[in-house]
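Throughout, protein chains are lettered first and strands after them, A, B, ... in sequence-line order, and every chain is numbered starting at 1. For clarity, every value in this text was computed on a predicted model and none was experimentally measured.
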Amino acid sequence: MAEPLVKKDDDRDDEDYSPFMGIEKGAVLQEARVFNDPQLDARKCSQVITKLLYLLNQGETFTKIEATEVFFAVTKLFQSKDTGLRRMVYLMIKELSPSADEVIIVTSSLMKDMNSKTDMYRANAIRVLCRITDGTLLTQIERYLKQAIVDKNPVVASAALVSGIHLFQTNPEIVKRWSNEVQEAVQSRAALVQFHALALNHQIRQNDRLAVSKLVTSLTRGSVRSPLAQCLLIRYTSQVIRESGVNTQTGERPFFDFLEACLRHKAEMVIFEAARAITELSGVTSRELTPAITVLQLFLSSSKPVLRFAAVRTLNKVAMTHPLAVTNCNIDMESLISDQNRSIATLAITTLLKTGNESSVDRLMKQITNFMSDIADEFKIVVVEAIRSLCLKFPLKYRSLMNFLSNILREEGGFDYKKAIVDSIVILIRDIPEAKEGGLFHLCEFIEDCEFTYLSTQILHFLGNEGPKTSDPSKYIRYIYNRVILENATVRASAVSTLAKFGALVDSLKPRIFVLLRRCLYDSDDEVRDRATLYLNMLGGDGLVGETDKDVKEFLFGSLDVPLVNLETSLRNYEASEEPFDISTVPKEVKLQPHTEKKAPGKKPSGLGAPTSGPTSAVDAYEKVLLSIPEFSGFGELFKSSAPVELTEAETEYAVNVVKHIYDGHVVFQYNCTNTIPEQLLENVTVFVDASEAEEFSEVASKPLKTLPYDSPGQSFVAFEKPEGVPAVGKFSNLLKFIVKEVDSTTGEADEEGVEDEYQLEDLEVVAAEYMLKVGVSNFKHAWDNMGADCERVDEYGLGVRESLAEAVSAVINILGMQACEGTDVVPSNARSHTCLLSGVFIGNVKVLARISFGIDGPKQVAMKLAVRSEDQVVSDTIHEIVASG
Amino acid sequence: MQESCPTVKSILLLDSEGKRVAVKYYTDDWPTLSAKLVLEKSVFTKTQKTNARNEAEIIMFDGYIVVYKFIQDLHFFVVGGDDENELILAAVLQGFFDAVGLLLRNNVDKKTALENLDLILLCLDEIVDGGIILETEGSVIAGKVATNGLDSAGSLTEQTISQALATAREHLARSLLK
């Protein structure tokens with residue numbers, strides 16, 4: 001079939017010429033009748049099949065009847081001895097994916113081909129048959145497949161092995177029986193057979209850790225021929241290292257040595273795979289990283305874009321955990337900023353932003369400014385996010401970074417890009433108090449010429465909350481009132497609300513705000529007029545008696561304490577009548593979805609929506625849920641909510657995770673449960689908590705979950721009392737109890753009768769770090785000096801033998817649960833000593849600062865000196881106790 | 001996913017307007033025809049303005065890695081997951097690219113490709129099976145495809161393959177010297 005299929009038409013040799021021009025499904029199906037001719041014309045038949053395949057490839061579909069007809073016609077072509085035609089027949093059968101009863105028709109023909117003398121027939125027949133077959137047929141052909149795996153022709157062996165890999169998904173128990181043959185094929189001299197055999201062998205033994213370990217040991221010493229197989233072996237090796245744990249590998253480390261040896265392999269594919277594997281090892285040390293980083297650095301200056309991309313992407317990931325290890329590559333990275341390939345340039349920039357130190361920030365910003373103009377929005381967003389985290393890391397540099405953000409805010413860009421910038425500015429304003437006034441001013445400038453209604457309203461809202469608290473609130477009024485004059489109704493309405501907030505908080509501005517609000521009474525839009533009227537009355541603008549101060553603030557700044565979804569349904573159900581709609585009738589129970597949170601673990605706190613006072617928005621959401629439960633309403637203010645902790649293994653019948661809510665004198669466990677069995681409905685779901693290993697806690701309330709249908713998460717709560725203000729710790733064992741009812745899968749209805757059942761969950765622990773909020777300070781020295789030495793306590797501790805200095809530092813930070821300031825959680829490689837600055841808020845809202853000096857000596861003995869300052873001597877002592885007992 | 005076998009999610013051969021010449025999907029990441037077309041369109045538009053005529057280029061978006069190479073009015077793409085070793089995907093791309101070059105005897109353009117669509121489809125069939133890489137060596141792939149026609153046509157022998165490879169190298173050497 002090497003010759004052109006359709007004769008060239010020399011007269012019409014123009015650009016658009018296609019041999020399939022004007023092709024039509026109906027006509028081609030007619031043509032397919034040649035398959036039934038007694039005298040088969042192989043060439044003609046091949047052409048028709050090509051046309052059919054062309055149609056399918058273009059997205060055309062055949063009806064069931066058409067497909068069946070074509071299939072039966074194609075089976076006739078097995079009579080032809082033409083090898084080219086046979087190949088096309090194989091392709092066609094695979095494309096048609098025939099039904100079980102149709103498969104039987106071709107089985108015998110394909111089985112004949114499987115035993116043919118022509119290797120190409122054998123290989124292809126195996127692949128086709130395994131693609132279309134089902135379990136019952138598989139047992140019939142199993143014998144041939146086993147033979148094929150050890151066939152001396154590599155194409156045949158590979159075909160059988162690859163088919164085995166696919167069949168393993170549906171019929172693992174059959175494929176497992178081929179283990180011996182596969183084992184033999186692993187030793188094959190043919191490069192790709194070895195690769196395929198290795199893949200299948202690993203699949204068969206994936207749950208047998210010892211076997212995987214043995215396989216890796218035998219092969220790392222032996223010869224692996226193809227680079228692909230070598231890559232596979234690297235993946236298996238790092239799996240073995242991961243599963244065996246870091247600590248067991250003392251002295252001899254054959255597996256790691258193998259990875260390192262692969263860095264000197266001749267194929268780039270293998271070198272890269274090994275380098276990547278090393279960088280991804282958990283707890284990798286700087287010394288282990290160095291050789292991997294070195295080869296990646298060489299790739300950075302390769303002429304091949306793919307190689308540069310792969311290297312810079314990996315280094316970018318390394319920079320997140322080991323920024324110092326990557327700094328050696330900075331010069332090469334900087335030259336990549338001008339790379340033709342924008343993906344590479346963006347990765348290079350974000351890597352530099354992660355590894356940069358305080359002194360290089362200004363130079364970097366200059367380079368980026370030139371770069372920003374010629375990349376796509378999606379890349380710009382990545383850069384903006386990197387700059388935001390850089391700014392949080394080096395708060396002293398906020399001025400130049402904030403300037404950069406405001407400059408790019410003025411340039412052209414789409415909504416997502418602008419939103420990313422605005423979000424970043426808002427987060428910086430929130431976390432760096434010094435940046436507030438400047439940042440607000442930039443936002444004001446931006447809304448002067450902002451084409452996105454959403455962003456304008458969000459900024460106005462934010463301005464209303466933050467602006468009145470600044471030193472000179474009056475300067476913002478002009479920007480806000482300009483909106484009332486110049487913008488569309490939505491923006492005008494939110495500008496009116498913002499004005500009212502200034503009026504409510506700044507008494508000196510009140511009269512002038514009234515003037516402006518009165519002008520809005522004649523607006524063309526009713527919402528704007530309504531809001532102006534409402535606020536005027538509320539603030540007492542027209543000589544009327546306004547509401548009390550507290551009510552006004554509650555109304556303007558308080559959050560709507562009912563979920564919007566619930567409010568919407570209630571309003572829909574409300575029928576116009578004499579009785580006004582009462583918002584207090586709206587149910588407050590939230591269907592909180594822990595799953596959406598789980599799916600986006602890296603999700604940044606969204607800048608605009610989140611209020612500035614609360615620690616995180618997630619806590620606010622939790623607080624609302626908890627407040628709506630009467631049993632817990634007396635617990636006071638929620639101090640902290642932990643991240644969800646899984647109490648079940650992945651893919652079990654019931655998925656449960658727990659969020660620990662810490663109050664001053666109470667702890668509430670929120671169990672987020674998901675039922676993953678479609679045939680079951682769970683009722684009255686409670687968690688039975690055994691607190692015998694948590695002496696200071698006593699259970700006070702439990703709120704069961706009434707029903708838990710399939711795939712619709714729900715929550716059950718258990719509350720404990722504990723001594724007030726004390727960081728009580730303990731271990732709790734959990735048992736899920738419920739009534740299970742069968743659900744009819746056709747009707748979806750549950751049985752009347754249920755059975756009581758229980759399900760053991762994993763234990764959970766409350767540790768000292770739960771009582772500490774991670775709150776950073778921008779200038780640690782300043783904060784430290786301000787705090788003063790009144791309640792200071794200093795002590796020295798020996799930490800014993802540790803893996804490394806970095807490991808010791810991160811362990812201490814984890815025990816305390818405090819925020820590392822000024823990037824001091826990163827320990828330079830080879831450092832013998834290190835000082836770590838921590839800050840946080842302890843339960844009872846006590847600010848705590850800690851300065852810890854670590855030192856390490858020859859046999860890895862680590863000692864530290866801990867200095868704690870806080871507003872309360874008792875707290876300072878408590879922090880020391882936590883360390884002493886941790 | 002780390003310890004799993006290298007996987008190709010899709011191979012696309014599009015023309016200079018982004019229309020399909022031949023495409024192959026190996027996963028359910030794009031279950032419907034429209035989802036597939038959306039992918040093809042964004043792959044095409046995002047890469048259209050780049051120069052991927054000498055060295056294979058690469059782009060990452062929506063959690064996929066795409067390596068690609070252009071020649072004449074044909075755009076070759078190989079799509080993989082974002083965990084995949086980029087160099088493995090590039091090896092698949094190169095194998096496909098070389099094999100097509102050999103099979104079309106260096107007349108690699110849309111017209112010739114459509115005229116020999118059977119060869120292109122067989123070629124795809126020999127490179128990847130259900131996402132698993134079968135072969136990455138261009139000459140071996142071309143050899144497997146061509147053995148079909150050997151009996152009848154007898155045109156593309158081992159010798160012509162090595163010749164074709166030699167001319168291909170010569171081309172490359174010349175373009176580098178320029």
With a 4.5 angstrom heavy-atom cut-off, could you sort out which part of [X] is near chain A: side chain, backbone, both or neither?
X      : answer
B/L134 : both
B/V140 : neither
B/K19  : neither
B/A90  : side chain

Check [X] against [Y] and note the closest heavy-atom contact, atom names and distance.
X      : Y      : answer
B/P6   : A/L232 : CD-CD1, 3.5 Å
B/A91  : A/M269 : CB-CE, 3.6 Å
B/L87  : A/F272 : CD1-CB, 3.6 Å
A/F195 : B/I133 : CE2-O, 3.6 Å
B/T136 : A/L228 : CG2-CD1, 4.2 Å
B/K144 : A/R87  : O-NH1, 3.6 Å

Looking at [Y] and [X], is any side-chain nitrogen of the basic one under 4.0 Å from a carboxylate oxygen of the acidic one?
X      : Y      : result
B/E55  : A/R308 : no
A/K304 : B/E86  : no
A/R235 : B/E84  : yes

If we only count heavy atoms from C-beta on, is the [X] to [Y] side-chain gap below 4.5 Å?
X      : Y      : value
A/F309 : B/I59  : no
A/Y54  : B/L114 : yes
A/V306 : B/E57  : no
B/D129 : A/H196 : no
B/D125 : A/N124 : yes

Chain B contact via [X] - side chain, backbone, both or neither, heavy atoms under 4.5 Å:
X      : value
A/S226 : neither
A/L91  : side chain
A/E95  : side chain

- Just by modelled atom types, is the B/I58 backbone N or O under 3.5 Å from a matching donor or acceptor in the A/N341 side chain?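 The answer is yes, because a donor-acceptor pair under 3.5 Å joins these two groups.
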(message) I'd like to know which of A/R131, A/Q340, A/R127 tops the heavy-atom pair count under 4.5 Å against chain B.
(response)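 Sorted descending by pairs with chain B, the first entry is A/R127.
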**Asked** For A/Q58, what residues pass the side-chain hydrogen bond (donor to acceptor under 3.5 Å, both in side chains) criterion, not counting sequence neighbours?
**Response**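 Per chain and number, A/Q58 pairs via side-chain hydrogen bond (donor to acceptor under 3.5 Å, both in side chains) with no residue.
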Which value, rounded to the nearest 0.5 Å, describes the distance between B/L33 atom CG and A/T61 atom OG1?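 Reported value, rounded in 0.5 Å steps: 8.5 Å.
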Proximity of residues 37-50 of chain B to chain A, residues having a non-hydrogen atom under 4.5 angstrom |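 Within residues 37-50 of chain B, the residues under 4.5 Å from chain A are B/K46.
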